[in-house]
Amino acid sequence: MKLPEKLTKLKPYDPITGYYPVRLDANESYFDLPTVLKAKVADAIEQISFNRYPDPVATDVINAFAAYYGISPDCVTAGNGSDEIITIILNNFLSKGSRLVTVSPDFSMYKLYAELAELEVVTVAKKENLQIDMDALIAAAKEADAVLFSNPCNPTSLGEPREAIIRLIESAPDCLMLVDEAYMDFWDESVLDLVTKYDNLIVLRTCSKAMGMASLRMGFAVTDPYKTGLMRAAKSPYNCDAVTQVIAATVLKEQSLMQHCRDEIIVQTQRLYTAVNDLAQRFPEVLEKVYPPRTNFIFVKTAYAHEIFEQLLQKGISVRCFPNGLRICAGTRREQTLLLNELEDILQPK
Ligand SMILES: *Cc1c(COP(=O)(O)O)cnc(C)c1O
């Protein structure tokens with residue numbers, strides 16, 4: 001039998017595996033949950049009736065999430081990671097052949113899910129400075145069914161101010177705007193509060209980054225109650241399992257802990273930026289540019305990305321390699337010191 005080419009051409013997602021003592025490649029939080037909170041989580045798991053299906057709406061989770069952001073839980077849909085949320089939207093809010101606009105560079109997963117949903121993908125190149133060309137994006141949005149991009153952006157770590165996003169939303173009111181705010185906890189230009197004002201807006205959030213729960217699969221779509229009803233109807237009923245729900249709800253109620261971790265990570269990211277930027281001043285022929293971060297990672301433009309990546313791996317340090325640069329996530333002070341020492345060593349003329 002013949003399988004469709006969109007499927008047979010695929011390669012499995014290939015994250016860096018193996019043991020590297022310093023992991024700075026996946027944009028994870030470097031804070032594990034405190035031991036007392038793990039004990040609380042264990043207690044909560046013990047209360048689960050394992051023979052029963054989970055709550056299809058993940059009520060406790062969306063209530064805690066909504067309380068943290070000061071929004072209504074009627075605007076929130078929980079998903080098995082924001083990756084699942086993206087596939088639900090692309091497969092149900094759009095139809096085969098619908099036109100989706102993305103920007104480049106951006107999160108690589110968008111293209112995969114769009115192709116599997118058989119959408120027509122139009123990509124708007126970013127400007128030389130790696131910011132979105134908003135006029136070009138608006139022009140493309142006017143001719144499209146949906147726009148999907150991350151803000152702040154993975155992998156550039158740059159962000160577009162809220163005013164620019166509002167201009168986009170208002171300029172193409174018939175185009176669905178999917179704003180992936182996976183890293184917006186680290187910045188302050190969210191449009192989360194506007195989902196009831198604009199009926200063409202859906203915001204995506206996740207527990208995987210600032211919340212420090214990448215081990216779970218929990219992401220959210222935030223949109224008006226009408227579209228939230230549709231999202232909940234289109235998803236598979238038990239998409240979020242009971243164990244994940246109990247853990248996410250327990251952690252999301254710890255508002256001051258989450259804020260503290262977020263604030264610490266922001267400080268560490270700025271430290272990383274300053275230090276690598278200093279190296280870029282000293283070795284400009286290798287490190288071309290470091291972009292000021294709005295997330296928990298930095299992007300370093302370099303023609304030697306692959307060489308540096310390989311040498312760091314040999315020292316037990318994993319970062320993410322792109323054709324034109326490196327993406328390095330904030331780690332603990334100790335991890336950053338190890339990284340900076342190795343990086344400086346690699347850059348020293350031998
Ligand atoms: C990490 C990340 C996500 C999170 O995906 P999950 O499936 O929730 O883990 C979403 N969007 C972007 C741009 C990311 O970098």
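None of these values were measured; they are calculated from a predicted model. Every number for a ligand or one of its atoms is a count from 1 in the order of the listing.
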Enquirer: Where on Ser208 is there a heavy atom closer than 4.0 Å to ligand 1, on the side chain, on the backbone, on both, or on neither?
Expert: side chain
Enquirer: Show the numbers, then the answer: is there a side chain to side chain contact (heavy atoms under 4.5 Å, CB included) between Ile166 and Glu170?
Expert: CA-CA 6 Å; Ile166 292 173; Glu170 291 185 346; 3.8 Å; yes
Enquirer: Mark up the atoms of ligand 1 that fall under 4.0 Å of a heavy atom belonging to Tyr183, in ascending order.
Expert: 1 (C), 14 (C), 15 (O)
Enquirer: Would the distance check show the side chain of Glu118 and the main-chain N or O of Lys96 forming a donor-acceptor pair, the cut-off being under 3.5 Å?
Expert: no
Enquirer: Should the pair Phe220 and Phe65 be assigned to parallel (<30°), tilted (30 to 60°) or perpendicular (>60°) ring geometry?
Expert: parallel
Enquirer: Measure the distance from atom 11 (N) of ligand 1 to every protein heavy atom, then report the residue, atom name and distance (to 0.1 Å) of the closest one.
Expert: Asp180 OD2, 2.6 Å
Enquirer: Tell me which protein heavy atom sits closest to atom 3 (C) of ligand 1, plus the residue, atom name and distance to 0.1 Å.
Expert: Lys209 NZ, 3.3 Å
Enquirer: For Ser150, take its heavy atoms, then give the atoms of ligand 1 lying under 4.0 Å from any of them.
Expert: 13 (C)
Enquirer: Parallel under 30°, tilted from 30 to 60°, perpendicular over 60°: which one fits the rings of Tyr53 and Tyr238?
Expert: parallel
Enquirer: Under 6.0 Å between the ring centres of Phe107 and Phe149?
Expert: no
Enquirer: Short N/O distance, under 3.5 Å, between Asn27 and ligand 1?
Expert: no
Enquirer: Test Arg327 against every option in Asp25, Thr156, Asn154, Thr295 by the side chain to side chain donor-acceptor pair (under 3.5 Å) rule and name the one that passes.
Expert: Asn154
Enquirer: Any atoms of ligand 1 less than 4.0 Å from a non-hydrogen atom of Asp83? List them with their elements.
Expert: 5 (O), 6 (P), 7 (O)
Enquirer: Applying a strict 4.0 Å limit to heavy atoms, is Gly81 in contact with ligand 1?
Expert: yes
Enquirer: Under a heavy-atom criterion of less than 4.0 Å, does Tyr110 contact ligand 1?
Expert: yes
Enquirer: I'd like to know whether ligand 1 has Arg217 as a neighbour, heavy-atom separation below 4.0 Å.
Expert: yes
Enquirer: Give the numbers and elements of all ligand 1 atoms closer than 4.0 Å to a heavy atom of Asn154.
Expert: 13 (C), 14 (C), 15 (O)
Enquirer: More than 12 foreign heavy atoms under 6.0 Å from NZ of Lys197: is that the case here?
Expert: no
Enquirer: On the six-membered ring of Tyr291, is Lys289 placed so that its NZ or CZ lies under 6.0 angstrom from the centre and within 45° of the ring axis?
Expert: yes
Enquirer: What is the nearest protein non-hydrogen atom to atom 4 (C) of ligand 1, stated with its residue, atom name and distance?
Expert: Ser82 OG, 3.2 Å
